[in-house]
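One structure is given below, encoded as structure tokens.
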Amino acid sequence: MSSDEKPAAPRSLAEALRGRDDASLAALLRSRPDLITPVPTDLTQLATRAGTRASVVRALERLDRFALQTAEALAVASDPATYEELLGLLSGDEGDALVAAALPRALGSLREQALVWGDDDRLRLVRTARELLTPTPQHPSPTGLGPSVQESTAGMSPGRIQELVTAAGLPSTHDSVSAATALSALFSDRRRMAALLAGAPAESLEVLERLVWGPPYGQVTPDPAPRLRWLLDRGLLLPTAPGTVVLPREVALHMRGGRAHHAPEPVPPPVEGATAYRPQVVDATAAGQAYTALTTVEELLKDWDEGGPAVLRAGGLSVRDLKRTAVALDVPEPVAAFWVELAHAAGLVASDGEADERYAATPAYDEWLEQPAAERWTRLARAWLAATRTAGLVGGRDAKDRSLATLGPGLDRSAAPEVRHRVLGLLAGLPEGAAPTAGSVLARLRWERPLRGREGRREAVADNGRSAATEVAREDDLRTRLAQWALSEAELLGVTGRGALSAHGRALLGAHAPAHEPTDDPQGPGDKLPVHHRPPTPPEPLAPAEQSAACALAARLLAPLLPEPLDHVLLQADLTAVAPGPLQRPLADMLGVLADVESKGGATVYRFTPGSVRRALDAGRSASDLHAFLDRHSRTPVPQPLAYLIDDVARRHGRLRVGAASAYLRCDDDALLNEILADRRAAGLGLRRLAPTVLATQTDPAALLEGLRAMGFAPAAESAEGDVLITRAHSHRTPPRSAPEPVPDGPPAPDATLLAAAIRAIRAGDLASTAPRKASGTATPVTGGELPRTGSAETLATMQAAVLTGQALWIGYVNAEGAASQRVIAPVRVEGGFVTAYDHTADEVRTYPLHRITGVAELADEQT
């Protein structure tokens with residue numbers, strides 16, 4: 001072939017892939033990672049896999065709206081179609097500048113993903129995609145178009161077809177195929193079709209108008225009305241089943257002005273800014289919420305420090321435990337579910353695995369507490385971004401109508417991380433400090449993934465009889481809710497502030513502030529789309545090293561905005577202490593034992609009570625320790641009522657001693673014991689005197705302690721040796737636990753190393769399967785993908801000859817697992833029943849047992 005000759009058009013998808021360069025194949029495998037698992041043996045197998053139903057459905061689900069509309073237009077176009085025909089279907093007879101500018105990108109995307117192949121004069125949609133997108137009575141096309149004249153008349157009698165041709169003013173033909181072709185040509189001719197419809201009754205045109213944008217099917221009676229009879233006689237409506245008629249595709253396209261879609265959407269809807277704030281205000285607001293997120297998670301796990309709620313038999317928290325947790329955190333139940341799930345996603349809480357299984361903090365929680373506040377926040381935010389568990393589903397029902405519980409099964413939604421990243425990515429594309437309208441964000445996401453989950457729902461419809469529209473609506477509703485939850489959860493977590501993406505949130509994504517505002521000018525230079533109308537370019541997922549760097553940068557930006565912990569409180573005369581800000585952890589922990597939290601907010605109010613002071617004494621503190629602690633950490637003098645309260649409780653603390661009898665009560669003051677016995681409230685304790693200073697009971701020591709404290713006494717527990725027991729709270733921890741793994745949304749995207757190795761193996765395998773072979777008189781003829789077959793003696797002789805000549809050979813090989821493959825090798829040495837050769841398929845030197853080689857053939861001279 002001379003250099004001036006045009007390469008032959010590919011006859012199959014495999015040939016089209018064979019004509020691609022390595023960069024193009026890498027783009028295909030990157031956009032459709034399911035094709036590389038496992039690595040195809042050659043390009044024919046890659047093309048076969050790219051045409052399977054599951055793979056095509058997954059690829060269609062990831063198309064944006066205009067790329068999908070382009071594929072839908074190709075599905076109703078002729079096969080093959082020309083670029084001009086496709087452009088006409090999308091832009092109509094009058095043309096559309098935006099469609100014309102956007103079509104090369106959309107078509108390029110379809111070609112890149114191997115959904116379309118062929119040159120511009122012979123565009124072909126892969127067969128499986130055409131089957132999925134071509135309109136049928138069971139699954140109408142989103143275009144609203146029906147079948148063509150050829151398809152609609154396939155089962156019609158020859159006589160009836162000739163009647164239609166004659167009624168339409170065309171000469172009769174010799175066969176049904178030519179008659180249908182003539183009728184189709186008439187309906188596709190704008191001038192002749194306009195003349196035909198000009199003579200139609202107004203009532204008949206009204207019928208066509210109702211069907212023109214779909215659905216194209218209608219019902220008729222056995223005796224149609226005159227307006228319908230006029231249409232039926234001329235083939236403008238064609239019967240598809242008894243009582244059902246359809247508007248042929250060619251007629252609908254004429255009435256639509258050649259447009260396949262009612263409203264082509266070549267450009268994504270813009271994300272509109274609702275309000276603009278100063279970036280400093282956004283960052284400060286987000287930082288305040290980030291600190292609230294940290295304190296909320298700490299408070300949650302402090303509440304579960306000695307063992308949290310029990311694990312339900314089916315898994316998860318009970319409704320009662322969720323309500324109790326919400327009350328403890330002072331948040332609504334859905335928000336409490338979010339914080340619990342976030343702590344679980346970060347690996348800070350898990351089930352303990354005991355017989356009486358309960359939730360508790362993990363050892364990682366103690367490590368997390370020791371980290372700086374900004375680093376603790378990045379761990380939570382990073383876990384949220386990657387988590388597939390979706391707290392917003394809590395309280396709903398699963399497919400089996402079972403309630404979805406917090407930390408229970410059924411909350412994983414593989415699309416959740418993608419939606420969160422994309423929502424934040426859209427916010428990152430706005431000017432700094434700009435908060436978008438939720439509606440514009442949702443509209444943009446619907447444009448970017450209009451078909452996500454749709455085909456899987458179609459197959460479910462065939463099984464249970466539900467409508468496809470209902471199932472698609474459910475999927476769309478889920479993705480909409482995922483986006484809404486992403487917006488609200490980002491605000492709760494402090495990734496956004498007042499609805500705008502913060503600087504530390506932007507750094508967490510690895511994004512950068514936009515250099516300028518996108519323009520709203522719909523006119524762009526040349527054939528390029530303006531910035532405002534350019535297609536979305538979602539950021540590539542960050543590599544682990546990049547994620548670590550992004551988290552470190554986010555922590556550095558957030559750290560100066562977080563409040564510094566205080567080492568003091570303000571004591572009040574009404575037995576309260578005010579913490580004007582966050583407290584240092586040792587101070588907060590001790591104050592949490594000595595006093596009860598009365599209110600939270602910008603300042604936390606603690607209240608001292610006899611019970612709280614007794615709690616501190618039970619923990620081993622003395623009255624002098626408590627006085628010294630308050631003197632050291634109060635910016636105001638210790639009020640006299642508080643000092644009296646501590647001394648009074650300490651004076652009475654421990655005068656009564658409780659031990660095990662089941663339980664006993666002893667006291668050096670027998671008058672105090674007489675007072676207890678005389679008190680009616682002690683009747684339920686079953687006390688009896690053993691000695692002047694000792695009472696005994698069958699009640700266990702813990703219940704006796706609680707009963708006496710309820711009566712206003714301050715008993716202390718003692719050991720068998722008579723020593724006072726210090727009742728410090730013992731932290732309950734689970735065994736080491738790893739954070740839950742997100743449920744993958746399909747195969748992971750291959751990295752550059754895997755792509756390079758896969759492409760090298762595919763090309764080498766393709767060489768092995770397509771290389772011409774020399775004819776052999778003794779070799780078994782090989783057809784298709786069969787392995788070569790030769791006798792052991794001929795195989796050995798051919799190998800030995802190739803070692804001397806340096807010739808490459810084509811072999812069939814069966815490995816130890818029984819997997820067969822074809823390879824091109826250059827033998828280097830043959831000895832001991834093995835051949836050592838350079839394997840062009842694997843691009844390395846390998847050794848093969850001769851008994852596993854099924855046969856050998858020499859390559860044609862032009863291949864050697």
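Residues take their numbers from the sequence shown, with the count starting at 1.
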message = Quiz question: by atom type and distance under 3.5 Å, do the side chains of Ser55 and Arg32 form a donor-acceptor pair?
response = yes
message = Could you measure the distance from the CG atom of Leu63 to the CD atom of Glu72? Nearest 0.5 Å is fine.
response = 9.5 Å
query = Between atom CG of Leu123 and atom CH2 of Trp117, what is the distance when rounded to the nearest 0.5 Å?
reply = 10.5 Å
inquiry  = Taking the side chain as everything from C-beta on, heavy atoms only, tell me whether Leu211 gets closer than 4.5 Å to Leu237.
reply    = yes
ask   = Are Arg256 and Asp93 close enough, and set up right, to give a salt bridge (charged side-chain N to carboxylate O under 4.0 Å, His left out), and what steps lead you there?
value = CA-CA 9 Å; Arg256 295 179 178 192; Asp93 296 341; over 6 Å; no
message = Please enumerate all residues that pass side chain to side chain donor-acceptor pair (under 3.5 Å) together with Ser31, with sequence neighbours excluded.
response = none
query = Is there any side chain to side chain donor-acceptor pair (under 3.5 Å) pair reaching into residues 227-238, and which pairs are they, with sequence neighbours excluded?
reply = none
message = Closer than 3.5 angstrom, by distance alone: can the side chain of Gln113 be matched with the main-chain N or O of Leu110 as a donor-acceptor pair?
response = no
ask   = Would you call Arg53 and Leu132 a side-chain contact if the rule is heavy atoms closer than 4.5 Å?
value = yes
query = Do the side chain of Arg420 and the main chain of Ala415 share a donor and acceptor less than 3.5 angstrom apart?
reply = no
query = Looking at side-chain heavy atoms only, is the closest gap between Glu112 and Ser24 below 4.5 Å?
reply = no
key: Polar side-chain atom of Arg422 near backbone of Pro417 as donor-acceptor pair, under 3.5 Å   = no
query = Do Leu35 and Gln45 come within less than 4.5 Å of each other through their side chains, counting heavy atoms only?
reply = no
query = Quick check: does any side chain N or O of Arg449 sit under 3.5 Å from a backbone N or O of Arg62, one acting as donor and the other as acceptor?
reply = yes
query = Do any N or O atoms from the side chain of Arg444 and from the backbone of Pro269 form a donor-acceptor pair under 3.5 angstrom?
reply = yes
message = Can a donor-acceptor pair be found, under 3.5 Å and without considering hydrogens, that links the side chain of Asp398 to the backbone of Arg402?
response = yes
query = Are any of the side-chain heavy atoms of Leu208 and Met255 separated by less than 4.5 Å?
reply = yes
message = Measuring only between side-chain heavy atoms, which start at C-beta, is Leu247 closer than 4.5 Å to Leu236?
response = no
remark   = The side chain to side chain donor-acceptor pair (under 3.5 Å) partners of Glu15 (sequence neighbours excluded) come to Arg11
key: Thr70 side-chain N/O to Leu107 backbone N/O, donor-acceptor pair under 3.5 Å   = no
Could you list the donor-acceptor pairs under 3.5 angstrom formed by side chains in residues 178-185, with sequence neighbours left out?
{"unit_1": "Ser178", "atom_1": "OG", "unit_2": "Thr173", "atom_2": "OG1", "d": "3.2"}
{"unit_1": "Ser178", "atom_1": "OG", "unit_2": "Asp175", "atom_2": "O", "d": "3.1"}
{"unit_1": "Ser178", "atom_1": "OG", "unit_2": "Asp175", "atom_2": "OD1", "d": "3.1"}
{"unit_1": "Ser178", "atom_1": "OG", "unit_2": "Asp175", "atom_2": "OD2", "d": "3.4"}
{"unit_1": "Thr181", "atom_1": "OG1", "unit_2": "Gln150", "atom_2": "NE2", "d": "2.9"}
{"unit_1": "Thr181", "atom_1": "OG1", "unit_2": "Val177", "atom_2": "O", "d": "2.8"}
{"unit_1": "Ser184", "atom_1": "OG", "unit_2": "Glu250", "atom_2": "OE2", "d": "3.0"}

remark   = To the nearest 0.5 Å, atom CD of Gln484 lies from atom OG of Ser488 at 8.5 Å
inquiry  = Please report the interatomic distance CD(Glu84) to CG(Asp120), rounded to the nearest 0.5 Å.
reply    = 7.5 Å
key: Nearest non-hydrogen partners of Pro248 and Leu238, listed with the distance   = CG-CD1, 3.7 Å
task = Calculate, to the nearest 0.5 Å, the distance between atoms CZ and CZ belonging to Arg111 and Arg20 respectively.
result = 9.5 Å
inquiry  = Quick one, Thr143 and Gln69 - any side-chain contact, counting heavy atoms below 4.5 Å?
reply    = no
Check: Asp121 main-chain N/O paired with Thr82 side-chain donor or acceptor under 3.5 Å = no
query = For Ala391, which residues count as a side chain to side chain contact (heavy atoms under 4.5 Å, CB included) partner, sequence neighbours excluded?
reply = Phe338, Glu341
request  = Flag yes if more than 12 heavy atoms outside Arg127 fall under 6.0 Å of its CZ atom; otherwise flag no.
outcome  = no
query = Is there a donor-acceptor pair under 3.5 Å between the side chain of Arg122 and the backbone N or O of Ala81?
reply = no
key: Side-chain touch Glu163/Thr166, heavy atoms, less than 4.5 angstrom   = no
note = Arg130 meets the side chain to side chain contact (heavy atoms under 4.5 Å, CB included) criterion, sequence neighbours left out, with Asp79, Leu125, Thr134
message = Name the residue from Val99, Leu74, Leu253 that meets the side-chain contact (heavy atoms from CB on, under 4.5 Å) definition with Leu89.
response = Leu253
ask   = Please walk me through it: do Glu448 and Arg65 pass salt bridge (charged side-chain N to carboxylate O under 4.0 Å, His left out)?
value = CA-CA 6 Å; Glu448 292 181 3; Arg65 190 177 299 278; over 6 Å; no
ask   = Is the backbone N or O of Glu265 less than 3.5 Å from a side-chain atom of Trp447, with the two atoms forming a donor-acceptor pair by type?
value = yes
inquiry  = Does Thr153 form a side-chain hydrogen bond (donor to acceptor under 3.5 Å, both in side chains) with Arg160? I'd like the steps, not just the answer.
reply    = CA-CA 9 Å; Thr153 59; Arg160 177 56 182 158; over 6 Å; no
